[in-house]
Amino acid sequence: MAFAVTSSSPKAISGTGFAFSSSSSESKVSQIVSFRLLERPQVASTIVSKRRVYVKPVNAEPKRNDSVVPLAATIVAPGNEVEEKVEVEDFEQLAKELEHASPLEIMDKALEIFGNDIAIAFSGAEDVALIEYAHLTGRPFRVFSLDTGRLNPETYQLFDKVEKHYGIHIEYMFPDAVEVQALVRSKGLFSFYEDGHQECCRVRKVRPLRRALKGLRAWITGQRKDQSPGTRSEIPVVQVDPVFEGLDGGAGSLVKWNPVANVQGSDIWNFLRAMNVPVNTLHSQGYISIGCEPCTRPVLPGQHEREGRWWWEDAKAKECGLHKGNIKQEDGVQLNGNGAAPAAADIFNSQNLVTLSRTGIENLARLENRQEPWLVVLYAPWCQFCQAMEGSYVELADKLAGSGVKVGKFRADGDEKEYAKRELQLGSFPTILFFPKHSSKAIKYPAEKRDADSLLAFVNALK
């Protein structure tokens with residue numbers, strides 16, 4: 001498979017299915033960094049790095065040849081290992097040091113530390129900014145992309161333009177044909193609309209990514225904090241990957257870099273325009289966050305960019321699995337050893353808010369001829385996302401006082417969670433439902449924006 005490394009020099013060394021451009025006229029074998037966990041049972045932020053003078057061959061799966069293979073795997077035979085030095089890298093501390101650094105500086109540091117053992121994950125959207133930053137460092141860099149088989153034609157066209165613009169070859173990772181065939185035969189082409197996107201993404205994206213990362217020691221992503229308030233608001237610029245394994249295997253064997261974590265989306269676009277680089281033509285049609293064709297749609301003015309992805313699901317579910325380490329596990333916080341919800345001060349307290357009991361919400365859900373519409377939030381007082389929207393929801397209740405719309409709350413964690421998931425469309429906290437007059441069916445608020453004005457617009461459109 002072809003994997004690209006770019007450089008300022010046209011001189012190239014060719015290995016098996018591998019293109020590499022070097023800034024030297026003689027072949028140089030990149031030094032690599034291998035990871036070893038310290039004496040910590042969980043993922044460590046401190047990695048022991050050993051630099052060696054050769055690169056041993058790597059195959060993530062012995063019977064396959066689709067992992068990201070390190071440079072010079074066929075150039076230098078293993079066996080004459082000479083350890084030069086041992087370094088300890090604290091990536092939590094490094095993240096703090098780089099917190100206010102520019103994306104270019106962060107990218108340069110990533111390429112400096114990991115050299116040929118790091119690669120950019122390119123999705124065909126704004127990730128082209130990552131490639132431009134890497135190009136501007138003047139260092140060799142590598143790029144891979146996941147071809148799910150269901151991308152938009154415009155995305156494939158962008159891949160071709162990017163390769164020609166930068167003179168690189170993108171490494172494409174494909175899903176296992178047998179797994180795709182089994183999924184489609186058993187559940188059809190569009191099962192994700194009915195039972196969630198996670199299974200399809202696991203087959204088409206997560207497993208191919210896992211194979212790719214098994215040939216690396218670090219990877220670079222285009223995650224930004226402003227992309228998804230529910231799942232990406234706390235990502236650091238560099239971290240030990242909490243989910244995937246790298247070349248050495250085991251927890252803590254892979255480092256994840258997010259050079260544009262602190263950059264606003266508007267600033268990314270100002271950069272792309274200034275540098276006059278190729279971009280996906282779908283962006284001019286209202287697409288902002290771009291994934292697979294069936295799961296991506298344009299967004300309206302004022303909508304958050306992630307609302308165009310998996311729009312039929314809750315905001316908390318809007319990760320395909322590539323960055324599932326961003327998602328905090330609610331169940332681990334929700335119940336204590338006896339299965340009860342932990343003690344927490346109640347929220348959404350206002351004289352204009354009605355607290356509904358289990359009986360109350362059941363009666364409200366059964367009514368077919370309500371005298372007035374209701375807006376109800378399903379919440380857990382310990383949930384940080386519920387806490388974050390408390391002010392806006394109380395403000396909304398005050399604005400709707402006397403308008404004929406009742407505003408309520410129902411605590412749906414603990415013993416009530418299964419009922420809420422089964423009968424009230426609960427997917428994650430908070431879930432907001434509108435019960436219209438003369439209808440027994442509740443309408444679920446689909447957006448991630450939970451400010452008072454957005455919620456009020458939702459109510460006014462339905463009351």
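These figures come from a predicted structure and were not determined experimentally.
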Taking ring-ring contact (aromatic ring centres under 6.0 Å, His included) as the definition, give me every residue that meets it alongside Phe434, ordered by chain and number, with sequence neighbours left out. none
Pairs in or reaching into residues 272-286: which pass salt bridge (Lys or Arg N to Asp or Glu O under 4.0 Å), with residues at least two apart or in two chains? none
Asp147 bridged to Arg204 by N-O distance under 4.0 Å: no
Quick one: do Arg411 and Glu416 make a salt bridge, cutoff under 4.0 Å? no
Less than 6.0 angstrom separating the ring centers of Tyr445 and Phe458, yes or no? yes
When you look at NZ of Lys421, are more than 12 heavy atoms from neighbouring residues, nucleotides or ligands closer to it than 6.0 Å? no
Name the orientation class of the two ring planes belonging to Phe410 and Tyr419 (parallel below 30°, tilted from 30 to 60°, perpendicular beyond 60°). perpendicular
Counting only N and O atoms by type, is there a donor-acceptor contact under 3.5 Å from the side chain of Arg211 to the main-chain atoms of Phe174? yes
Should Glu372 and Lys437 count as an ion pair when the cut-off is N to O under 4.0 Å? no
Could you check whether Arg358 pairs with Glu362 (Lys NZ or Arg NE/NH1/NH2 to Asp/Glu carboxylate O, under 4.0 Å)? yes
Dump the intermediate steps for ring-ring contact (aromatic ring centres under 6.0 Å, His included) on Tyr379 and Tyr393, then the final yes or no. CA-CA 12 Å; Tyr379 74 102; Tyr393 195 72; 8.8 Å; no
Using a cut-off of 6.0 Å, state whether more than 12 heavy atoms not belonging to Gln371 lie near its atom CD. no
Flag, side chain of Ser454 to backbone of Arg450, donor-acceptor distance under 3.5 Å: no
Check this for me: Arg185, atom CZ, are more than 12 non-hydrogen atoms of other residues, nucleotides or ligands nearer than 6.0 Å? no
Could you check whether Arg139 pairs with Asp108 (Lys NZ or Arg NE/NH1/NH2 to Asp/Glu carboxylate O, under 4.0 Å)? yes
